[in-house]
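Working notes for the structure below.
Proteins come first, then strands; the chains are lettered A, B, ... in the order of their sequence lines, and each starts at number 1. Reckoned from all heavy atoms, side chains included, excluding hydrogens, waters and symmetry mates.
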Number of protein chains: 2
Amino acid sequence: MVDVARLAGVSLKTVSRVVNGEPHVQRAMADRVLAAVAELGFQRNHMASALRAGRASATIGLIIEELANPFYSTIAHVTAEMARDRDTLLLSASSEEDPVREEQLLRDLCSRRVDGLLVVPAGCDHSFLNSQVEMGIPVVFLDRPGTNIDADAVLLDNRGGARSGVRRLVADGHRRIGVLLDSVDVHTMRERLAGAQDALADAGIGYDGALVRDGVRDPATAAAAVADMLTQPNPPTAFLALNNRITVGAVQELWQRGSDAALVGFDDFELSHLMPRPLTVIGYDTRELARRAAQLLFARIDGDRSRPRTVVLPTELVERGLTAGRLPR
Amino acid sequence: MVDVARLAGVSLKTVSRVVNGEPHVQRAMADRVLAAVAELGFQRNHMASALRAGRASATIGLIIEELANPFYSTIAHVTAEMARDRDTLLLSASSEEDPVREEQLLRDLCSRRVDGLLVVPAGCDHSFLNSQVEMGIPVVFLDRPGTNIDADAVLLDNRGGARSGVRRLVADGHRRIGVLLDSVDVHTMRERLAGAQDALADAGIGYDGALVRDGVRDPATAAAAVADMLTQPNPPTAFLALNNRITVGAVQELWQRGSDAALVGFDDFELSHLMPRPLTVIGYDTRELARRAAQLLFARIDGDRSRPRTVVLPTELVERGLTAGRLPR
DNA sequence: CGACGGTCGGACAACGTTGTCATACTCTCT
DNA sequence: AGAGAGTATGACAACGTTGTCCGACCGTCG
């Protein structure tokens with residue numbers, strides 16, 4: 001900027017005024033400045049500008065589990081779009097479900113003075129964020145609530161969704177329903193499992209530990225679990241897969257064995273209607289989830305000081321057969 | 001920091017030393033400072049720090065077409081992971097294939113003094129980036145080369161891939177092959193179309209404009225195009241879909257009609273092995289694409305001043321039938 | 001006892017920008 | 001002509017941090 005000022009023969013402040021489109025600069029002088037800017041390829045330093053003006057950094061931070069997962073990348077995309085409408089960019093990072101890493105990333109984002117944080121929490125204690133919130137960096141939790149912190153959250157009706165899925169299976173006459181889940185350490189998994197158990201209890205079906213498989217982290221494990229359960233005595237006649245990766249593995253295994261066991265999966269996914277066997281899923285609107293969270297965050301950034309809210313979005317049982325294919329979007 | 005210094009009864013510089021772990025501070029004094037830091041919840045301002053120290057911002061910018069698309073989200077994920085190994089965060093934005101928006105975003109990223117840029121270009125002129133490169137912000141193009149700029153690029157062998165796909169169809173006896181593409185405005189599409197025509201020319205099959213459909217932007221359009229082409233006189237006996245969204249639409253339409261037309265799709269995708277009809281795809285390693293680009297960028301950031309390189313990664317024809325399902329990963 | 005080397009702490013300027021205020025000039029109106 | 005209002009420009013400090021340099025203090029050795 002000093003160079004531009006020198007080349008145009010004006011003061012620093014005049015350059016600043018021209019660059020920021022402030023009024024009260026003569027046309028001729030502005031042109032001289034713009035010419036100098038063009039010649040030197042000057043570009044305002046956004047960091048210095050925000051520092052001096054005490055302005056927001058026009059950045060929001062997003063912590064998710066893994067960017068490559070379609071669920072999270074949809075969230076990232078929607079929030080980035082909404083941010084763009086406010087000339088704000090998205091700084092995103094994956095926690096990989098590691099609480100330590102999550103805290104590191106969150107601290108890093110805070111030290112960069114992001115305007116706000118959108119977090120799909122992995123950790124079990126977010127109390128260290130309280131001081132940041134007090135100091136003006138609002139936080140909104142997504143998909144799972146934060147712990148030891150009173151902040152906004154936008155969640156899904158995981159319990160209700162799982163309950164309606166199992167209720168459907170029970171209505172179809174199933175009494176032995178295998179449940180496959182990632183890990184009870186994850187809040188959403190606990191909720192979904194509880195919902196499944198609600199439905200079983202509603203139907204007066206007792207709990208059978210042999211029908212619940214924990215630690216199913218990927219499609220291959222899911223396939224193996226299905227195979228194993230089907231070869232036990234008194235096997236399940238239906239399965240509930242508690243996330244989309246598990247569903248994919250289960251679909252594959254059931255299809256390859258030619259098994260006619262029923263399957264309900266939590267999470268819809270892009271090609272679910274093209275799977276090689278009928279697949280009923282518990283769906284929800286991922287974009288709406290992200291949209292609501294971003295709206296809440298921006299309201300906080302704009303000064304909303306009302307009490308933290310928790311929004312729970314509904315799920316929907318999408319019953320589909322082989323021929324019910326519809327094109328996405 | 002002023003408050004911390006006052007509370008600890010030391011000077012600013014001493015606080016700075018403690019916060020940055022510099023040596024030559026007595027244990028007792030350091031403890032006093034740390035206590036004050038904890039009490040006040042002080043967190044170093046990364047922007048001011050980078051500004052003063054002339055240090056890098058520990059941020060890289062990524063411009064892609066659309067974050068919600070699995071291809072791009074994989075790229076984002078891999079680059080974010082590699083960045084994290086350098087304590088660098090990823091500032092990502094979607095161009096939505098809009099050259100104007102792309103330029104705005106790139107300028108914004110430059111004004112934030114990112115350490116480097118990773119770009120899947122949408123625009124047709126990137127000469128405005130030349131001055132930024134000169135001023136020390138390296139740029140690496142991904143998937144498509146930049147225009148009017150001499151910069152690194154990591155590309156796929158689009159032409160060779162399409163050629164091998166069509167060669168396969170020709171070897172199976174097909175002579176009328178329908179080609180579906182997004183837009184000839186996109187570099188990768190032009191290359192893939194050229195590859196298809198190479199293979200046809202190799203086989204001595206003349207060009208028939210009626211067999212090429214442009215402007216197929218989504219699955220629904222692809223399905224409609226397939227339906228239309230199949231109801232023309234002398235219809236194609238095989239299709240080449242030049243990206244994964246087109247492939248999905250084509251799969252769906254062929255399957256619903258019970259058509260036995262062959263189908264080869266460019267781009268592999270997660271559930272391609274579970275599609276309801278045999279699907280041969282032209283695959284490649286998206287993660288490797290991102291990895292190589294990030295490696296190049298970090299080398300530039302670390303001072304590599306050698307001549308810009310263009311890396312072309314191979315594609316692979318993945319021939320799959322209904323029963324050849326394999327689990328992903 | 002004086003000099004010396006090492007350790008520790010602080011004053012000050014600077015990074016690139018903008019808010020505040022002061023100044024100089026130009027109109028217009030009485 | 002002089003007051004008053006508005007416009008155009010610049011000098012300077014400040015944002016939060018750190019690099020540079022200088023000085024104070026300590027112990028040790030000749």
At under 4.0 Å between heavy atoms, what does [X] touch on the DNA or RNA strands: base, sugar-phosphate, or nothing?
X	answer
M47(A)	nothing
V25(A)	sugar-phosphate
V10(A)	sugar-phosphate

Rounded (10°) bend between the five-pair end axes of the helix from dC1(C)-dG30(D) to dT30(C)-dA1(D):
60°

Round to the nearest Å and state the distance from [X] atom [atom1] to [N] atom [atom2].
X	N	atom1	atom2	answer
N20(A)	dG19(C)	CG	P	7 Å
R44(B)	dC15(C)	CZ	P	20 Å
M1(A)	dG19(C)	CE	P	11 Å
E22(B)	dG10(C)	CD	C1'	14 Å
H24(A)	dT18(C)	NE2	P	17 Å
M29(B)	dC8(C)	CE	P	10 Å
R113(B)	dT17(C)	CZ	C1'	11 Å

Are the charged groups of E81(A) and R101(B) less than 4.0 angstrom apart, N to O?
yes

Are E65(A) and R144(A) within salt-bridge range, i.e. N to O under 4.0 Å?
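Yes, charged N to carboxylate O under 4.0 Å.
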
Testing the basics here: between M82(A) and A294(A), what is the closest heavy-atom pair and its distance to 0.1 Å?
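Closest approach of M82(A) to A294(A): SD-CB, 3.7 Å.
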
Going by side chain to side chain donor-acceptor pair (under 3.5 Å), D152(B) matches just one of R307(B), R300(B), R309(B). Which one?
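Single side chain to side chain donor-acceptor pair (under 3.5 Å) partner of D152(B) among R307(B), R300(B), R309(B): R300(B).
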
K13(B) vs P23(A), nearer the 5' end of DNA chain D by closest nucleotide:
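Final value for this comparison: P23(A).
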
Going by modelled atom types, is there a donor-acceptor pair between the base of dG9(C) and the side chain of R17(B) at under 3.5 Å?
yes

dT18(C) base / R52(A) side chain donor-acceptor hit below 3.5 Å:
yes

Verify side-chain contact (heavy atoms from CB on, under 4.5 Å) between K13(B) and S16(B), making sure each step is shown before the conclusion.
CA-CA 5 Å; K13(B) 181 65 205 186; S16(B) 170; 4.3 Å; yes

Taking the side chain of Q26(A) as heavy atoms from C-beta outward, which of dG19(C), dT17(C), dT9(D) is closest to it?
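Between dG19(C), dT17(C), dT9(D), the one nearest the side chain of Q26(A) would be dT9(D).
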
Can you tell me if N148(B) and D125(B) form a side-chain donor-acceptor pair at under 3.5 Å?
yes

Any donor-acceptor N or O pair under 3.5 Å, side chains S57(B), R112(B):
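Their side chains do not contain a donor-acceptor pair, so the 3.5 Å distance test is not met.
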
